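Given the structure is predicted, the values throughout are model-derived calculations rather than measurements. So that the names make sense, note that chain A is the first sequence line, chain B the second, and so on, each numbered from 1. What's counted below: heavy atoms across the whole structure, side chains too, no hydrogens, waters or symmetry copies.
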2 protein chains.
Amino acid sequence: MTASPDAKPRGTRLPRMARRRQLLDAAQEVFVENGYHAAAMDEIAERAGVSKPVLYQHFPNKLGLYLALLDLHVDDMVTRCREALASTTDNKQRVQAAIGAFFDFVSTQGEAFRLVFESDLRNVAPVRQRVERSLQESAEMISQVIQEDTGCSSDEAHLLGVGLVGMAEVSARYWLTSDGSIPKEAATQLMARLAWRGISGFPRTG
Amino acid sequence: MTASPDAKPRGTRLPRMARRRQLLDAAQEVFVENGYHAAAMDEIAERAGVSKPVLYQHFPNKLGLYLALLDLHVDDMVTRCREALASTTDNKQRVQAAIGAFFDFVSTQGEAFRLVFESDLRNVAPVRQRVERSLQESAEMISQVIQEDTGCSSDEAHLLGVGLVGMAEVSARYWLTSDGSIPKEAATQLMARLAWRGISGFPRTG
DNA sequence: ACCGCACGCCGATCTTGATTTCCATTGTGC
DNA sequence: GCACAATGGAAATCAAGATCGGCGTGCGGT
């Protein structure tokens, strides 16, 4: 059940970086399961097999710990999206790849996507900023492609980009909960077809 | 700034239902501004011009107050969506109307949509249940239409429905933040066209 | 192989902030 | 004029984040 099978040798001494990594893993488990507010520093420490003060020797406070984790996964998401769009120059393929990036992201071990897509701290400025960055940057990249392909105005392309990212995000999350009823490949292609048909008919369709 | 202009006649006696309504208004303001956790019962009471015990005579606790408010707006959202789909039998018009429902909903006074779309309590069971209901029911209605129109399987239609709802929700929220750059009508039609083109080309497009 | 140092670790505690409740007071309808 | 209900200020309660001083272990120098 725990990320590291070496659960609680509550006496082992670890080099600093190894310990830090272990703390991040434990924190991710707890934050993902309970969200930020319901997560207790006590439990994170216990899950990592250390005491609370150790936690505070590695991170300034609960928010700092959360942000470190959040940055990791926001970067991950944005990178996946960027690489998907760069993986080909055929725009139809690009749509397919980008949608796939979202489905891959939510499939990632530990359901870490919840930190980015379902954070219960969006009201706190630094968190909101990071979460919106993941949406904005993905949408920005996509809107670039849309502008080239359709000749929309910048504002319109941005709105479309945001909408498509939202579609991908929400459908990927839903697909994950109904696991088994539709294989990932099929789901990805289904949504990609929806998106592509929607975009491609744009420049002069009434 | 306050919802009720009659701000603080801190001595007026109100009939029970009027008082309750006033408390709900005040609570909505505070919950929307700060989210659930950062909202203080103190401030809600003060904003309504009463003292805390009064609040607890109308609602069992903070969560109960929040749920009462949430139910109101979840019902509102689902109803708007249902009425949009029932407003016509032409599926293209239906898409337009449904997307419009989301844009209308986020334009509602007080940005109350944040309670449904950006709740920081999704990890609490009764809240999660209600929030997901708004997504599920909207998506269910839409997937019905999609099934009739395209002959997709039920699973596929559901996934598409969820994706479209996600698209509408996220794009509507984004449109609201960038207020002014695109008029609501234009934004709605833009997203509706994207959705409609996407769906309509479905049954036999490879 | 031995000694001393430095560092990572722990149990117990402090502090803060928010929800929830209690009692004296004030104003109201009969 | 009187009983009653509602109100307000203040206090009890509680959970969780953050901290303090000492302990034990592994490592580098001799």
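The nearest whole Å value for the distance from the CG atom in L14(A) to the P atom in dC10(C) is 11 Å. The interatomic distance linking H58(A) (NE2) with dG8(C) (P) rounds to 7 Å, in whole Å. The interatomic distance linking E46(B) (CD) with dA18(C) (P) rounds to 14 Å, in whole Å. We find that CG of L55(A) is positioned 15 Å from P of dA16(D), with the value rounded to whole Å. When the C1' atom of dG17(C) is taken as reference, atom CD of E43(B) falls 15 Å away, rounded to whole Å. Distance, R20(A) CZ to dC7(C) P: 19 Å, rounded to whole Å. Regarding Y66(B), its OH atom lies at a distance of 14 Å from the P atom of dT19(C), rounded to whole Å. The distance from atom CZ of F59(A) to atom C1' of dG17(D) is 16 Å, rounded to the nearest whole Å.
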Sort me out a list of protein N/O and nucleotides 18-20 of chain D N/O pairs below 3.5 Å, or just none if empty.
{"from": "dA18(D)", "atom 1": "OP2", "to": "Y56(A)", "atom 2": "OH", "distance (Å)": "2.8"}
{"from": "dA18(D)", "atom 1": "OP2", "to": "K62(A)", "atom 2": "N", "distance (Å)": "3.0"}
{"from": "dA18(D)", "atom 1": "N6", "to": "K52(A)", "atom 2": "NZ", "distance (Å)": "2.5"}

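Remark: the backbone N or O of E46(B) is not paired with any side-chain donor or acceptor of K52(B) at under 3.5 angstrom. Here the side chain of S178(B) pairs no donor or acceptor atom with the backbone of S181(B) at under 3.5 angstrom. Here the side chain of R114(A) pairs no donor or acceptor atom with the backbone of V32(A) at under 3.5 angstrom. Not a single donor-acceptor pair under 3.5 Å links the side chain of R80(B) to the backbone N or O of A101(B).
For the pair S51(B) and dT7(D), the criterion of a side-chain N or O lying under 4.0 Å from OP1 or OP2 is not met. Here R19(B) reaches the OP1 or OP2 of dT7(D): one of its side-chain N or O atoms lies under 4.0 Å away. Phosphate proximity of dG24(D) to R13(A): absent, as no side-chain N or O sits under 4.0 Å from OP1 or OP2.
Looking at heavy-atom distances under 4.0 Å, A39(A) makes contact with sugar-phosphate atoms alone, never a base.
Note that the two end axes of the helix from dA1(C)-dT30(D) to dC30(C)-dG1(D) enclose an angle of 10°, each drawn from 5 base pairs, rounded to 10 degrees.
A salt bridge links D104(A) with K184(A): at least one charged nitrogen is closer than 4.0 Å to a carboxylate oxygen. Salt-bridge check for D75(A) with R133(A): passed, with a basic side-chain N closer than 4.0 Å to an acidic carboxylate O.
With no hydrogens or angles considered, a side-chain donor-acceptor pair links Q144(A) and E140(A) at under 3.5 Å. Side-chain contact check for N34(A) and N123(B): no donor-acceptor pair (N or O, by modelled atom type) lies under 3.5 Å.
Residue-to-nucleotide proximity on DNA chain D shows that, of Y36(A) and Q57(A), the 5′-proximal contact is made by Y36(A).
Between F31(A) and L115(A), the shortest heavy-atom contact is CB-CD2, 3.8 Å.
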